[in-house]
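Just so we're on the same page: letters track the sequence lines, and every chain starts at 1.
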2 protein chains.
Amino acid sequence: MNHHEIKNFLAVAETLHFGRASELCHLSPSALTRSIQRLESELGQALFLRDNRQVQLTLAGEKFYQYAQKAVRDWEDICEDLGEDGEVEGVVSLYASVTAVYSILPDLLEAYRALYPKVRLNLRTGAAEESIDKLLAGDIDMAVAALPDRQSDRIDFLPLLTTHLVFVGPRAGGREYAFSDMHELGRLPFVLARSGVSRSRVDQFLRGVGAHAVRITEVSGNEGILAMVRLGCGVGVVPELVLERSPFRDDLVVLDGAPQLEPYVVGLCTTRKNLARASVAAMWQLAQERAQ
Amino acid sequence: MNHHEIKNFLAVAETLHFGRASELCHLSPSALTRSIQRLESELGQALFLRDNRQVQLTLAGEKFYQYAQKAVRDWEDICEDLGEDGEVEGVVSLYASVTAVYSILPDLLEAYRALYPKVRLNLRTGAAEESIDKLLAGDIDMAVAALPDRQSDRIDFLPLLTTHLVFVGPRAGGREYAFSDMHELGRLPFVLARSGVSRSRVDQFLRGVGAHAVRITEVSGNEGILAMVRLGCGVGVVPELVLERSPFRDDLVVLDGAPQLEPYVVGLCTTRKNLARASVAAMWQLAQERAQ
DNA sequence: GCGCCTTACGAGTCCCGTAATAATA
DNA sequence: TATTATTACGGGACTCGTAAGGCGC
């Protein structure tokens with residue numbers, strides 16, 4: 001028996017609808033069905049009467065509902081009790097781009113540090129597009145990253161802000177990089193991330209207009225892209241936020257007539273497993289409160 | 001978080017000794033260590049202070065101890081509440097030899113049926129030596145079987161009674177099957193189980209005296225062995241209990257001077273997974289009470 | 001050196017998601 | 001036919017046991 005099963009039971013008991021409840025539990029309908037079946041098997045009694053059109057609590061289900069509510073409340077109480085006064089300890093390693101460290105993280109980390117001074121924060125900077133791999137490999141506990149196009153089951157994502165991907169050129173050479181003729185795009189020199197969301201957005205866009213870029217300089221990390229663009233290596237694509245925060249921003253310009261790409265959502269990432277850790281869950285909740 | 005972790009915590013908190021506690025939990029020391037570590041990670045605080053010579057509760061550990069006791073009590077209360085008045089339902093399939101059905105099971109099944117009338121009992125008879133395979137395959141939920149020589153991690157065994165393996169011959173031809181010369185044993189015709197504990201005991205014994213039986217009739221099921229022995233196919237080896245209960249017992253004799261094999265322990269078997277089911281756990285507990 | 005808790009690693013089980021099935025209106 | 005709960009099945013994560021490590025007596 002585990003607390004997930006109890007939580008799942010409560011979700012079904014309160015919605016009386018497996019499909020709806022499965023969403024609340026972040027679970028597929030079949031998984032929820034089996035979770036309830038396990039519980040019923042362990043207790044030796046049916047908790048719900050369900051035909052395909054209706055779900056309702058049995059007598060045993062009513063009794064168990066009383067228990068389940070109290071059990072969850074008690075658990076939350078002890079967690080709160082143990083977690084108060086910044087008693088939570090441990091180590092949390094957080095991976096983010098330099099820009100994120102400058103722009104998004106200061107407030108969050110300050111608040112976290114104030115509430116949980118005993119947690120040792122381990123901050124690592126690097127290219128945003130590598131964060132998911134590092135998470136999955138267990139190298140880090142959390143990351144600030146772009147919302148992946150293909151959501152993995154193992155990764156939880158918490159949106160923090162939305163920005164745009166902008167096409168950037170050097171201020172001096174602004175004229176030679178023009179978007180007057182979409183079909184000529186393939187001949188422009190590009191400075192792009194080696195991989196990641198921003199890169200796939202650009203690739204997707206270019207395919208959409210039938211262009212095939214041949215002159216691409218690949219860089220790891222958005223900040224590096226701007227440095228290369230400033231040197232005249234080509235047109236870069238970065239999140240607007242990165243451009244605003246760049247020390248090179250006065251030497252760069254957003255290109256006139258450039259196309260609008262899909263919004264770029266930046267948020268906090270972690271694995272499901274890590275979310276069970278108090279130190280990680282605390283950061284998550286804090287970010288959630290500040291994001292809404 | 002699951003209830004096993006809480007139970008494990010209680011065991012450590014009450015013994016203040018990981019090794020001792022790991023036995024109580026039926027767990028290896030390393031598994032228990034990790035179980036406590038998971039809990040601590042989830043709560044964000046150390047629950048025990050341990051160097052290699054001493055284990056003691058932290059402040060958080062003391063608080064959590066109060067919670068854990070109550071949580072386990074509450075869980076047991078709800079289980080008892082739901083289980084009373086024979087409310088437990090479900091299906092339990094039980095596999096046993098015919099002899100077991102006649103000798104061991106009547107009392108147990110009667111008591112079970114009286115306490116849990118809603119559980120549908122599914123009784124299947126067959127050769128004892130096949131029970132473990134059927135358990136592992138999931139064909140059945142429980143079995144009456146001999147204590148396996150090599151205990152599997154998946155199987156739980158509850159001893160019910162101990163009997164002896166006896167060498168049996170036909171009453172009429174008792175004289176031709178004699179144990180006067182141990183070294184001549186290999187020339188005796190045997191009627192043995194195809195596999196299983198009784199078979200391996202005999203094989204082991206024969207190897208021990210340097211004999212190699214060449215004339216073996218293999219049978220599945222102890223009751224069948226006696227039938228073959230009665231027909232004069234050779235010397236059989238069966239649990240004494242089976243002989244006593246056999247309708248052929250007047251036509252058979254225990255051989256004089258036959259060697260004593262190791263005791264043969266008969267008990268109830270099931271898988272760990274099945275023990276989580278209320279209907280199975282109830283049978284287990286009932287058997288436990290009657291066995292002590 | 002021995003005892004005891006902990007980490008490393010390989011293996012097996014359990015659980016989830018996808019897809020197919022049943023059943024109802 | 002559309003909707004909803006349930007089974008079948010394959011893949012992957014999690015936890016276990018064995019064995020090696022580390023620290024204190």
Side-chain angles (χ1 to χ4, degrees), chain A residues 1-5 7-9 11-13 15-42 46-57 135-138 150-156 270-277, chain B residues 1-5 7-9 11-13 15-42 46-57 135-138 150-156 270-277:
Chain A
M1 239 292 308
N2 61 46
H3 281 213
H4 269 293
E5 283 174 4
K7 288 280 202 69
N8 296 343
F9 166 81
V12 177
T15 61
L16 294 179
H17 190 290
F18 276 74
R20 223 65 52 76
S22 74
E23 291 175 14
L24 293 177
C25 302
H26 306 288
L27 231 55
S28 73
S30 74
L32 181 60
T33 289
R34 285 180 304 239
S35 174
I36 299 297
Q37 284 172 337
R38 279 196 299 274
L39 198 52
E40 290 176 324
S41 165
E42 182 161 0
L47 298 171
F48 297 100
L49 291 175
R50 59 266 204 196
D51 55 34
N52 296 336
R53 221 55 195 175
Q54 191 172 339
V55 174
Q56 71 184 63
L57 281 165
L135 263 179
L136 291 174
R150 330 185 65 217
Q151 295 230 46
S152 158
D153 294 333
R154 297 185 59 188
I155 300 275
D156 280 331
T270 190
T271 60
R272 282 213 182 152
K273 183 88 192 292
N274 274 325
L275 259 186
R277 295 165 48 187
Chain B
M1 236 293 306
N2 61 47
H3 281 211
H4 269 292
E5 283 174 5
K7 288 280 201 70
N8 296 343
F9 166 81
V12 177
T15 61
L16 294 179
H17 189 291
F18 276 75
R20 224 65 54 73
S22 74
E23 291 175 15
L24 293 177
C25 302
H26 306 288
L27 232 54
S28 73
S30 73
L32 181 60
T33 289
R34 285 181 304 240
S35 174
I36 299 297
Q37 285 173 336
R38 279 195 300 273
L39 198 52
E40 290 177 324
S41 165
E42 183 161 359
L47 297 171
F48 297 101
L49 291 175
R50 57 263 204 198
D51 56 35
N52 297 336
R53 220 56 196 176
Q54 191 173 339
V55 175
Q56 71 183 62
L57 281 166
L135 264 179
L136 291 174
R150 330 184 64 217
Q151 295 230 46
S152 157
D153 292 334
R154 297 186 58 186
I155 300 272
D156 280 333
T270 190
T271 60
R272 284 217 180 147
K273 183 87 191 291
N274 273 326
L275 259 186
R277 294 165 49 188

- Query: Of B/L136 and B/R50, whose closest DNA chain C nucleotide lies nearer the 5' terminus?
  - Reply: B/R50

- Excluding sequence neighbours, so at least two apart, what forms side chain to side chain donor-acceptor pair (under 3.5 Å) with B/E42? none

- Message: Taking 4.0 Å as the cut-off, does a side-chain nitrogen or oxygen of B/R154 come that near to OP1 or OP2 on C/dT13?
- Response: yes

- Item | Backbone of A/D51 reached by a side-chain donor or acceptor of A/R53 within 3.5 Å | no

- Can you figure out which of D/dT6, D/dT4, C/dT7 approaches the side chain of A/H17 most closely? D/dT4

- Query: What does nucleotides 15-25 of chain D look like as a protein-contact string, B for base, S for sugar-phosphate only, - for none, at under 4.0 angstrom between heavy atoms?
  - Reply: SBBB---BB-S

- Message: According to side chain to side chain donor-acceptor pair (under 3.5 Å), who are the partners of A/N274, at least two apart in sequence or on a separate chain?
- Response: A/T271, A/R277

- Could you tell me the separation between the CD atom of A/E42 and the P atom of C/dC14, rounded to a whole number of Å? 13 Å

- Message: Once side chain to side chain donor-acceptor pair (under 3.5 Å) is applied, do any residues pair with B/T15, and if so which ones, sequence neighbours excluded?
- Response: none

- When the distance from CD1 of B/I155 to C1' of C/dG12 is rounded to whole Å, what number comes out? 14 Å

- What's the CZ-P distance between A/F18 and C/dA23, to the nearest Å? 17 Å

- Is A/S41 reaching over with its side chain to a backbone N or O of A/Q37, donor-acceptor style, under 3.5 angstrom? no

- A/T33 vs D/dT6: side-chain N/O to OP1/OP2 distance below 4.0 Å: yes

- Using whole Å, report how far CG of A/D156 lies from P of C/dC16. 15 Å

- Report the distance from atom CG of A/L16 to atom P of D/dA5, rounded to the nearest whole Å. 10 Å

- Query: So which pairs with a foot in residues 15-36 of chain A pass salt bridge (Lys or Arg N to Asp or Glu O under 4.0 Å), sequence neighbours left out?
  - Reply: none

- Whole angstrom value for the distance that separates C1' of D/dA13 from CG of A/N274: 13 Å

- How many Å lie between CZ on A/R20 and P on D/dT3, as a whole number? 12 Å

- Task: Rounded off to whole Å, could you give me the CD-to-P distance for the A/Q37 and C/dC15 pair?
- Result: 12 Å

- Item | Contacts of B/S35 that satisfy side chain to side chain donor-acceptor pair (under 3.5 Å) - sequence neighbours left out | B/N8

